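All values below were derived from every heavy atom in this structure, side-chain atoms included, with hydrogens, water molecules and symmetry-related copies excluded. None of these values were measured; they are calculated from a predicted model.
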Amino acid sequence: MKLRTARSFAFVAAVALFAASAVTRAQNGSQFREWKPSALAAGGDAKPAVACASLVSLTGYEFAVSTASMVAAAGETPEHCRITGLIPPEIRFELLLPSAWNGRLYMFGNGGYAGEALDAQGRAAFARRAVAKGFAAVQTNTGHDAAVEPLGSFAAAPQKFVDYAFRAVHVTVATAKRAVQAYYGAPPRRSYFDGCSTGGRQGLIEAQRFPDDFDGIVAGAPVLDFSGTMISYAAIQRALAAASLTPAKLRLVANAVYAKCDAADGLKDGVIDDPRTCGFNASADLPKCSGDADGEDCLSPAQIRALDAVYHGVSRRGTDFFPGWPVGAEIAAGAGPSGWLPWFVPPPSGSPPIQKTFGETFFKFIAFGAPRPSYDWLSFDLDADLDKIETARATLDATNPDLSRFKARGGKMVSYFGWADPALNPMMGVRYFERVAQQTGPSTADFYRLFMVPGMFHCSGGIGTSTFDALTPLVEWVEKGAAPQTIAASRVVDGKVVRTRPLCPYPQVARYKGNGSIDDAASFACATAERALSSRP
């Protein structure tokens with residue numbers, strides 16, 4: 001029994017590690033690349049008012065400072081005070097305080113089911129990048145250790161679930177502000193949050209629940225309808241279980257999609273600007289095998305039915321519940337054979353697709369409020385079972401379109417989503433923005449702008465211009481009142497820029513002017529798309 005348990009834990013840990021590696025890219029690694037400190041000077045750099053080591057005295061009932069020590073300058077990272085601590089019950093945080101501080105606090109979000117080690121290579125790099133620009137930088141593990149409680153298993157403890165869902169970011173930034181005040185003798189002049197995927201959801205939660213925490217928020221590819229995403233995963237995996245798709249079949253699908261959709265925006269450039277303009281239909285546009293046969297150059301009826309389930313979305317009692325997946329992510333980018341792998345389809349290693357990994361743990365440990373470790377997640381019946389998960393949905397989802405308090409306090413938000421995201425349905429971002437705009441009206445653009453990125457995968461990568469800095473335009477908006485009319489983006493291959501394009505605030509799109517290189521941003525201008533605001537995929 002002990003051996004079986006050990007093997008089971010090892011397998012779960014391996015799956016969690018695989019899933020974690022897939023979401024380590026769930027953060028925009030291009031932030032700060034357009035940073036111009038001279039143009040955004042906020043009164044000069046501040047110096048510490050007390051010794052770093054003295055910050056251990058901040059320990060009290062609300063939080064404990066475990067360590068506080070100076071870190072010498074190294075490379076581009078300046079000298080700074082590093083403190084680590086604990087907010088009960090198990091929210092761990094790290095705060096880096098540069099000796100020359102620009103007056104701003106920067107917090108970056110988490111990926112997947114969080115629980116990351118604060119000194120993980122990727123997270124440490126994000127913190128150092130911010131410190132190099134003069135920011136105080138803070139992060140949290142959201143209240144659990146993924147190495148001990150992998151994936152969603154931590155949610156068996158209700159407090160840990162609440163911490164992950166919304167509390168951890170809020171109490172961590174409050175703690176960081178107290179430490180900043182103590183160290184520099186002054187509060188942050190401005191505070192910013194930056195996240196993608198789970199981090200994007202965290203940003204929206206902050207704007208909805210705690211609008212005073214941050215002056216500016218970058219919410220990239222937010223998994224804002226978390227529960228709907230997991231329900232969608234279940235529907236898709238049920239369909240694909242009946243008709244698996246090999247990498248070769250995915251190439252067939254990608255070729256058919258791009259043959260029909262690439263030029264739908266008026267320019268054949270290898271990128272689908274807005275997949276809603278295409279009208280791709282799996283039943284009509286894919287090569288079909290005869291009868292029930294299967295072949296290398298065609299798709300069987302069962303495979304086409306499975307694809308229809310992906311593209312048509314999820315309905316409940318005849319009403320649209322969760323959008324169908326837009327086309328575009330089927331294509332290969334870089335070394336991978338398809339953006340759908342390993343999200344929709346298992347990787348060559350034989351590990352389960354990430355949809356299964358993430359979806360199964362949601363239904364077993366989060367959805368019903370108490371663990372159901374033996375629950376068959378594919379048995380979830382949307383018609384009969386939705387009411388049973390209402391508490392989890394209300395706690396975790398960031399779908400509230402009322403941002404009036406965030407707007408009233410002067411907050412600004414930049415959101416982005418890749419149109420070819422294989423991990424999270426980009427229609428979530430579009431539909432949410434439209435709901436906010438419907439409720440708030442034309443003044444939505446005064447505080448909230450969405451930038452859809454053609455051809456971009458999850459938070460980065462793909463075949464589009466996925467390298468861009470969304471944070472610097474946000475800071476300029478907050479501090480100079482200059483709302484971003486475009487965001488400069490580029491496609492980088494093997495370290496070289498091969499294409500530049502402007503990203504436009506939704507519903508505008510970048511349109512070719514009719515002359516000049518299609519790889520040069522100067523050949524494009526933002527224009528209102530022919531297709532107006534529409535929540536239909």
Side-chain angles (χ1 to χ4, degrees), residues 22-35 106-114 116 122-123 125-126 129-130 137 139 142 169 192-208 214 216-226 229 326 328-329 339 343 397-399 403 406 411-433 436 447-462 464-475 477-478 484 486-491 501 503-506:
V23 299
T24 52
R25 297 183 299 277
Q27 187 77 12
N28 185 348
S30 302
Q31 306 293 47
F32 296 107
R33 65 185 291 127
E34 304 293 335
W35 186 252
Y106 171 81
M107 184 172 189
F108 60 98
N110 301 83
Y113 284 104
E116 305 98 327
R123 299 190 67 78
F126 276 105
R129 184 181 297 122
Q139 60 159 320
T142 77
V169 170
Y192 296 95
F193 182 86
D194 174 26
C196 193
S197 194
T198 286
R201 183 189 66 82
Q202 291 169 327
L204 287 180
I205 285 285
E206 281 293 306
Q208 294 164 11
F214 295 100
I217 293 171
V218 174
V223 55
L224 61 103
D225 188 352
F226 195 109
T229 297
W343 289 95
D397 292 350
T399 53
L403 299 179
F406 183 67
K412 302 288 188 274
M413 182 159 60
V414 169
S415 188
Y416 61 86
F417 225 125
W419 266 126
D421 193 326
L424 300 176
N425 193 319
M427 286 305 301
M428 279 195 297
V430 171
R431 287 186 172 189
Y432 180 75
F433 179 84
V436 174
F447 76 100
Y448 173 29
R449 297 195 173 196
L450 168 67
F451 293 82
M452 299 301 294
V453 188
M456 186 173 81
F457 284 178
H458 188 47
C459 297
S460 63
T465 49
S466 60
T467 299
F468 57 90
D469 176 0
L471 181 70
T472 299
L474 173 71
V475 175
W477 193 7
V478 169
T486 62
I487 292 179
S490 58
R491 173 163 167 73
R501 290 276 172 91
L503 302 180
C504 304
Y506 184 85

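Taking Arg449 as the reference, nothing meets the side chain to side chain donor-acceptor pair (under 3.5 Å) condition, with sequence neighbours excluded. For the side chain to side chain contact (heavy atoms under 4.5 Å, CB included) test, residues two or more places apart in sequence or in another chain that qualify with Ser466 are Met456. Residues meeting the ring pair (Phe, Tyr, Trp, His ring centres under 6.0 Å) test with Phe32, sequence neighbours left out: Tyr106, Phe135. By the ring pair (Phe, Tyr, Trp, His ring centres under 6.0 Å) test, Phe214 pairs with Phe193, sequence neighbours left out. When the side chain to side chain donor-acceptor pair (under 3.5 Å) test is applied to Glu116, the partners found at least two apart in sequence or on another chain are Asn110. Applying the ring pair (Phe, Tyr, Trp, His ring centres under 6.0 Å) test to Phe406 and every residue at least two apart in sequence or in another chain returns nothing. Phe417 pairs by the ring pair (Phe, Tyr, Trp, His ring centres under 6.0 Å) definition with nothing, not counting sequence neighbours. A search for side chain to side chain donor-acceptor pair (under 3.5 Å) contacts involving Arg123 returns Gln139, not counting sequence neighbours. Partners of Thr229 by side chain to side chain contact (heavy atoms under 4.5 Å, CB included), not counting sequence neighbours, listed by chain and number: Val223, Tyr233, Phe322, Leu424, Met428. Shown here are the side chain to side chain contact (heavy atoms under 4.5 Å, CB included) partners of Thr399, two or more places apart in sequence or in another chain: Leu224, Asp225, Asp397, Arg435. Under the side chain to side chain donor-acceptor pair (under 3.5 Å) criterion, Tyr448 pairs with no residue, sequence neighbours left out. Ala423 is linked by a side chain to side chain contact (heavy atoms under 4.5 Å, CB included) to Trp343, Asp421, His458, counting only residues two or more places apart in sequence or in another chain.
Contact of the Asn425 side chain with the Pro326 side chain is registered, since non-hydrogen atoms from C-beta on lie closer than 4.5 Å. When side chains are defined from C-beta on, Val414 counts as touching Pro484, because their heavy atoms get closer than 4.5 Å. Inter-residue side-chain proximity for Gln208 and Leu403 is flagged as met; some heavy-atom pair is nearer than 4.5 Å. Taking 4.5 Å as the limit, some side-chain heavy atom of Tyr416 sits within range of a side-chain heavy atom of Asn28. In this structure, the side chains of Met427 and Trp419 come closer than 4.5 Å at one or more pairs of heavy atoms.
Heavy atoms only, all atoms of each residue included: Pro222 and Gly200 are closest at CB-C, 3.4 Å. In this structure, Val218 and Ala470 approach most closely via the heavy-atom pair CG2-O, 3.9 Å. Nearest heavy-atom pair across Pro426 and Gly418 is CB-O, 3.4 Å.
Here Met413 contributes atom CE and Trp477 contributes atom CH2; the two are 8.5 Å apart, rounded to the nearest 0.5 Å. Rounded to the nearest 0.5 Å, atoms CZ (Arg501) and CZ (Phe468) are 14.5 Å apart. One finds the CE atom of Met452 at 10.5 Å from the CG atom of Leu503 (value rounded to the nearest 0.5 Å). Atom CH2 of Trp35 sits about 7.0 Å away from atom CG of Leu471, to the nearest 0.5 Å. The CG atom of Leu474 sits 6.5 Å away from atom OH of Tyr192, with the distance rounded to the nearest 0.5 Å. Summarising the geometry, atom CD1 belonging to Ile217 is positioned 6.5 Å from atom CD belonging to Glu206; distances are rounded to the nearest 0.5 Å.
Side-chain atoms of Ser415 never come within 3.5 Å of backbone atoms of Leu450 as a donor-acceptor pair (strictly under, hydrogens ignored).
Aromatic ring centres of Phe433 and Phe451: separated by at least 6.0 Å.
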